[in-house]
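Each chain gets a letter, A, B and so on, in the order its sequence line appears, and its residues count up from 1.
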Amino acid sequence: MSEQVSEQATAQAQRARPETIRAVPVRHPGRWVAAAIIAVLLAMLVHNLATNTRWQGWIINQYLFTSQVLHGLLATLWLTLIAMVIGIVGGVILAVMRLSDNPVVSSSAWVYIWFFRGTPVLVQLIFWYNIAALFPTISIGIPFGPSFHTWSTTTLITTFAASILGLGLNEAAYMAEIVRAGILSVDEGQNEAACALGMRRLLIMRRIVLPQAMRVIIPPTGNETIGMLKTTSLVSVIASFDLLVSVQRIYNANYKVVPLLVVASIWYLVATSILTAGQYYVERHYARGSVRGLPPTPPQKFREFFVRNIGVTHRLPAIPNRDARGGGA
Amino acid sequence: MTTVPTPEDDAVPETQAQSADVAPAAATRATTATTMPATPMVEALDVHKSYGRVEVLQGITLKVLPREVMCLIGPSGSGKSTFLRCINHLEKINAGRLSVDGELVGYQQRGSRLHELHEREVARQRTEIGMVFQRFNLFPHMTAIENIVEAPIRVKGEPRDSARAHARELLEKVGLGDRATAYPNQLSGGQQQRVAIARALAMRPKLMLFDEPTSALDPELVGDVLAVMRQLADDGMTMIVVTHEMGFAREVGDSLVFMDGGVVVESGNPREVLANPQHERTRSFLSKVL
């Protein structure tokens, strides 16, 4: 039996390799129809933008880089960044607390999440803004005993601080659930293996569980960050420094509402695009060890599309092996 | 448990056998074990464990001497994996006493009462007990060598350089010297399991627990893992192996324990138990797996 097999194998090796398949690829007429429809719609839009004077493109140009708008943009970016840092750090802490064995710790995290998810963020913002009405002073000291230092609440909680507190503490409640889902997605065997090596709970969380949970945590966190970028416009009810407020102030003076909203939208879109790209590369970073070859980056995909669909292989350099790190097994 | 194997047993043909000089090695180990001072590496006295109303372990009493290789066999649900997990306190026992190297696992006796150990103490006990899992449980976000050095550096505080040097030695020993920078998903099952063994050995444990280490492997990869375990046994490591590999139990094991329904049904020299089981339950189990 085994001799027969080996004979067969040698015979096959001696024969020439069969011709490489060069089949006609499946045609996709639907794609061309869709492309044609989209092209017509796009042409109509471009034509309108070019000929319709009501867009007042020159106003967009004029205000896109004015210092008022840029200041608003900067404030919005700062608010987003700080609120998200508070949200992510707070979320991780709350998630670990909720999964704790200590019933006091886990139920206080539960109550926090219940409260902050259960009330509108707008109400929370206004609440923080008016906190001085409840607590005129804030002091550090022994509970029910003497205090060492006292501040006036209005100087401590500025409008910026109130905005950050309102947005950040609310975000922490949402992030907590995202992080918790990520932690729960990691296989229990990972925890056991780390325990068996003598690692302790917090070390396991930091070195083993959270890095693996990141794959599940990042996509919704990107979502939350982009959401936050736009939620910051809610602070217009208590403060007057974000992007939306600064364009509102301009169009309240000159009545060019649509062009100025376009200005704000352009900036929101630019920021969102940068965040989206950033998220893509963060995801790639945490994908190490979980996919054999990393997925191609958009430039790689773009090139591959042209090679496959238009067949211009001879004009483009060959696509390099995608991250052939470590080699296959 | 320490009977010197008879030469006739060597005549049994064995497909998994990697080296011919296995029986003498096992014999040497066993002889050494008898001359050692009498502190057993693992001692279980009437150990009970239940999940709710289901009593998984109903009184396990056994002793493992230093340098001894004990194989635990039995049908699934017999409690052998649970018992193994009790030894490094991944599961808490409900009654009885379980000690490793003369020290109670997970508890401390103060006067007439048992006190639960703090997490820090349990972790310290675990650093001396290596464990290998059926499903490998390598950390997928780390390369092979990162998997191995993680605990020595972070738990024992070993300097990075010496930890890496030790890790390279261990990878060499398990035959994977060239795959140090591979991620687990770039390795075959057998390679992953050998990295997992190296990872456990990196803590320089005095006892190794194997929980069905070859059950999740393709048949042709089983041999490599068993060869590494056999080498480890020859180096004098104390091992408890939950396994379905009767060939390994017969050739490498110093003792064999057959469990069923949460109790030890039969134990003794593996060759004798496998060739001539005394209990009806053991006979019917062996007739199905051999």
Side-chain angles (χ1 to χ4, degrees), chain A residues 2 5 96 99-102 105 179 182-218 281-295 321-329, chain B residues 84-85 87-91 118-144 146-148 150-156 178-192 196 199-203 205 208-209 211 221:
Chain A
S2 67
V5 171
V96 173
L99 295 169
S100 161
D101 289 335
N102 183 333
V105 168
V179 174
I183 291 173
L184 292 178
S185 75
V186 178
D187 181 30
E188 180 52 27
Q190 293 290 307
N191 194 39
E192 282 178 6
C195 275
L197 287 166
M199 294 173 79
R200 292 177 57 188
R201 222 173 301 151
L202 283 180
L203 183 64
I204 296 173
M205 189 54 78
R206 186 163 61 84
R207 295 286 306 170
I208 309 299
V209 175
L210 279 180
Q212 293 182 57
M214 286 310 262
R215 273 174 59 71
V216 175
I217 294 173
I218 288 166
Y281 285 96
V282 174
E283 268 177 42
R284 257 175 83 85
H285 172 76
Y286 282 103
R288 85 207 130 122
S290 46
V291 267
R292 267 161 209 265
L294 285 171
N321 260 352
R322 294 176 196 168
D323 290 66
R325 217 170 22 178
Chain B
L84 200 71
R85 293 160 60 82
I87 297 176
N88 67 356
H89 209 55
L90 282 180
E91 305 285 351
H118 190 269
E119 191 212 353
R120 145 171 29 91
E121 289 298 307
V122 175
R124 181 190 54 75
Q125 289 185 333
R126 285 182 182 141
T127 59
E128 302 182 321
I129 306 169
M131 186 155 188
V132 174
F133 298 86
Q134 182 178 356
R135 284 169 53 242
F136 330 135
N137 294 347
L138 287 180
F139 307 133
H141 58 303
M142 298 180 180
T143 61
E146 285 167 356
N147 263 278
I148 298 172
E150 179 69 15
I153 292 175
R154 308 258 165 196
V155 177
K156 277 187 153 180
D178 54 334
R179 305 307 310 269
T181 56
Y183 282 91
N185 69 2
Q186 295 166 331
L187 298 170
S188 72
Q191 290 173 328
Q192 287 188 54
R199 178 175 70 175
L201 291 176
M203 293 297 279
M208 285 283 285
L209 309 173
D211 189 2
L221 303 176

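Contact annotation for B/Leu90: only side-chain heavy atoms (C-beta onward) come within less than 4.5 Å of a heavy atom of chain A. In this structure, the portion of B/Leu138 lying under 4.5 Å from any heavy atom of chain A is its backbone and not its side chain. Interface residue B/Pro140: backbone and side-chain heavy atoms are both found under 4.5 Å from chain A. With a threshold of 4.5 angstrom between heavy atoms, B/Arg154 approaches chain A through its backbone and through its side chain. When heavy atoms are compared at a cutoff of 4.5 Å, B/Arg85 approaches chain A solely by way of its side chain, counted from C-beta outward. Both the backbone and the side chain of B/Phe139 have a heavy atom closer than 4.5 Å to some heavy atom of chain A. Proximity to chain A (any heavy atom under 4.5 Å) is restricted, for B/Glu150, to the side chain, taken from C-beta onward. For A/Ile208, the parts lying near chain B are the backbone and the side chain together; criterion is any non-hydrogen pair under 4.5 Å.
A donor-acceptor pair is defined here as one N or O able to donate and one able to accept, closer than 3.5 Å; such a pair exists between the side chain of B/His141 and the backbone of A/Arg207. With hydrogens and angles ignored, the 3.5 Å screen pairs no side-chain donor or acceptor of B/Asn137 with any backbone N or O of A/Ala193. Put simply, the side chain of B/Glu119 gets close to the backbone of A/Arg201: a donor and an acceptor are under 3.5 Å apart.
From A/Cys195, atom SG reaches atom NE2 of B/His89 across 10.5 Å, with rounding to the nearest 0.5 Å. Note that the CG atom of A/Leu197 and the CZ atom of B/Arg126 stand 10.5 Å from one another [nearest 0.5 Å].
With a 6.0 Å radius and a threshold of 12 heavy atoms from other residues, nucleotides or ligands, B/Arg135 has its CZ atom at or below the threshold.
Considering only heavy-atom pairs separated by less than 4.5 Å from chain A, the leading option among B/Gln125, B/Arg120, B/Met131 is B/Arg120. The residue among B/Arg124, B/Met142, B/Arg199 with the most heavy atom pairs within less than 4.5 Å of chain A is B/Arg199.
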